[in-house]
Amino acid sequence: MNNQILIIGASRGLGLGLVASFLEQGSAVIGMHSGASEPIAVPGIEWMECDLADSGARQQAVDSLDVVPSRIIFAAAFDPRADHPPRTDWDGVTQSLLVNGAGGYDILRLLLEKSESPVSIAVVGSEAIYTPDAGSAAYAAGKAALKVLTGALTDLCRTRGGAVFEVIFGALNSDQRREEFAAASVKYKVGIDELVSRTLARANPESRIRRFIEPPECARLISCGFDLGDIANGASFRLDGGSGGAFR
């Protein structure tokens with residue numbers, strides 16, 4: 001296994017948090033970003049650009065790699081609630097299905113087919129697919145497509161000695177969430193920890209985790225999946241307080 005790790009969707013959010021964690025572990029990180037904006041400068045990372053909605057860009061990105069990293073994390077996410085479709089002829093649902101679903105599946109398939117060694121792939125899923133509402137439906141549809149499509153890669157991984165597995169993290173900590181709960185804590189005169197616990201309990205009564213999940217915790221779970229090798233193929237690991245499962 002080489003020491004490189006490719007993080008797809010590395011320029012912001014969870015992906016950027018995972019970059020920091022794996023750099024601290026001593027990994028050589030390649031970060032893939034969409035090109036919608038210039039990624040921030042991070043010492044030790046090699047950046048590459050790829051618009052996942054563009055099939056030609058996906059092929060070009062894979063072709064540019066001399067060696068496919070033995071560990072890959074798919075953390076890219078397009079959410080119409082926060083992101084704007086870069087092409088005026090596509091609506092948010094179409095863009096979500098392209099970036100989160102079809103584009104993710106295609107680039108992972110291309111990477112697997114190019115690699116001459118076993119590859120372990122962690123696909124970041126979302127609990128939103130189980131509880132979609134009018135606001136989250138477009139995002140959830142893309143993530144649901146990703147789950148189905150990348151689940152189909154298990155056979156390809158099995159024949160090559162690798163693995164593809166899903167990770168679900170529930171409510172992730174972020175600057176935006178911290179700011180929102182700090183403001184709400186002052187407004188309602190409730191401690192932040194208590195407010196977070198109540199909010200998460202109301203959002204998912206079955207959850208046993210009543211706090212936000214931190215990126216280093218996500219990185220540790222992903223590392224455990226990588227360490228399992230081909231045993232992890234087809235598995236689903238969750239840090240959202242729900243039960244475990246499988247792709248199919």
Side-chain angles (χ1 to χ4, degrees), residues 7-25 33-34 36-37 39-40 42 73-84 92-93 95-96 99-100 122-144 146-147 165-225 236-245:
I7 301 179
I8 302 171
S11 63
R12 61 178 183 168
L14 174 61
L16 187 58
L18 293 174
V19 166
S21 294
F22 281 99
L23 283 174
E24 288 178 1
Q25 293 179 18
H33 66 99
S34 67
S37 60
I40 65 173
V42 179
I73 301 173
F74 185 87
F78 177 85
D79 189 341
R81 294 169 295 182
D83 304 317
H84 299 288
V93 176
Q95 186 73 357
S96 178
V99 174
N100 299 336
V123 177
V124 178
S126 174
E127 73 282 0
I129 70 175
Y130 304 110
T131 56
D133 55 31
S136 64
Y139 167 75
K143 282 297 188 178
L146 179 68
K147 181 182 180 73
F165 56 91
E166 177 189 47
V167 285
I168 296 179
F169 298 124
L172 293 169
N173 204 349
S174 66
D175 291 340
Q176 180 180 345
R177 278 204 171 109
R178 284 193 294 272
E179 292 172 2
E180 290 173 349
F181 275 86
S185 175
V186 173
K187 179 179 179 180
Y188 297 110
K189 297 181 174 56
V190 178
I192 293 178
D193 290 343
E194 177 63 20
L195 189 61
V196 169
S197 179
R198 292 182 188 180
T199 301
L200 295 181
R202 186 165 59 250
N204 180 6
E206 301 301 319
S207 176
R208 300 297 183 267
I209 298 176
R210 301 291 170 81
R211 65 175 178 82
F212 290 135
I213 307 299
E214 304 291 341
E217 295 169 324
C218 300
R220 288 198 293 273
L221 180 62
I222 291 172
S223 292
C224 288
S236 179
F237 305 106
R238 298 177 63 161
L239 275 184
D240 64 343
S243 60

Side chain to side chain donor-acceptor pair (under 3.5 Å) involving Glu217 - partner list, sequence neighbours excluded:
Arg211

On a heavy-atom basis, the closest approach of Ala10 and Val19 is CB-CG2, 3.7 Å

Applying side chain to side chain donor-acceptor pair (under 3.5 Å) to Ser21 and not counting sequence neighbours gives none

Rounded distance (nearest 0.5 Å) linking atom CG of Leu239 with atom CG of Leu221:
4.5 Å

Which heavy atom of Glu166 sits nearest a heavy atom of Gly125, and at what distance?
OE2-CA, 4.1 Å

For Ala77, side chain to side chain contact (heavy atoms under 4.5 Å, CB included) partners two or more places apart:
Asn100, Tyr139, Lys143

Among all residues two or more places apart in sequence or in another chain, which pass the side chain to side chain donor-acceptor pair (under 3.5 Å) test with Ser34?
none

My understanding is that only residues two or more places apart in sequence, or in another chain, count here; which of them pass side chain to side chain donor-acceptor pair (under 3.5 Å) with Glu194?
Arg198

How far apart are the closest heavy atoms of Leu16 and Ser11, and which atoms are they?
CD2-O, 3.9 Å

Please name all residues satisfying side chain to side chain contact (heavy atoms under 4.5 Å, CB included) with Ala122, sequence neighbours left out, ordered by chain then number.
Ile73, Phe165, Ile222, Phe226

The ring-ring contact (aromatic ring centres under 6.0 Å, His included) partners of Phe212 (sequence neighbours excluded) come to Phe181

Taking atom CG of Leu14 and atom CG of Asn173, what is their separation to the nearest 0.5 Å?
11.5 Å

Assess the residue pair Cys218 and Val167 against the criterion (side-chain contact (heavy atoms from CB on, under 4.5 Å)); give the C-alpha distance rounded to whole Å, side-chain angles, the decisive distance to 0.1 Å, and a yes or no.
CA-CA 8 Å; Cys218 300; Val167 285; over 6 Å; no

Under the side chain to side chain contact (heavy atoms under 4.5 Å, CB included) test, which residues partner Ala184, sequence neighbours left out?
Tyr188, Leu195

When rounded to the nearest 0.5 angstrom, what is the spacing between CZ in Arg12 and CD1 in Ile40?
12.5 Å

Which heavy atom in Ala140 sits nearest to a heavy atom in Ala128, and how many Å separate them?
CB-O, 3.6 Å

Sorted by chain and number, sequence neighbours left out, side chain to side chain contact (heavy atoms under 4.5 Å, CB included) with Ala137 holds for none

Between Ser223 and Phe22, is any pair of side-chain heavy atoms under 4.5 Å apart?
yes

Heavy-atom closest pair (Ile129 atom, Lys147 atom, distance to 0.1 Å) is CD1-CD, 3.6 Å

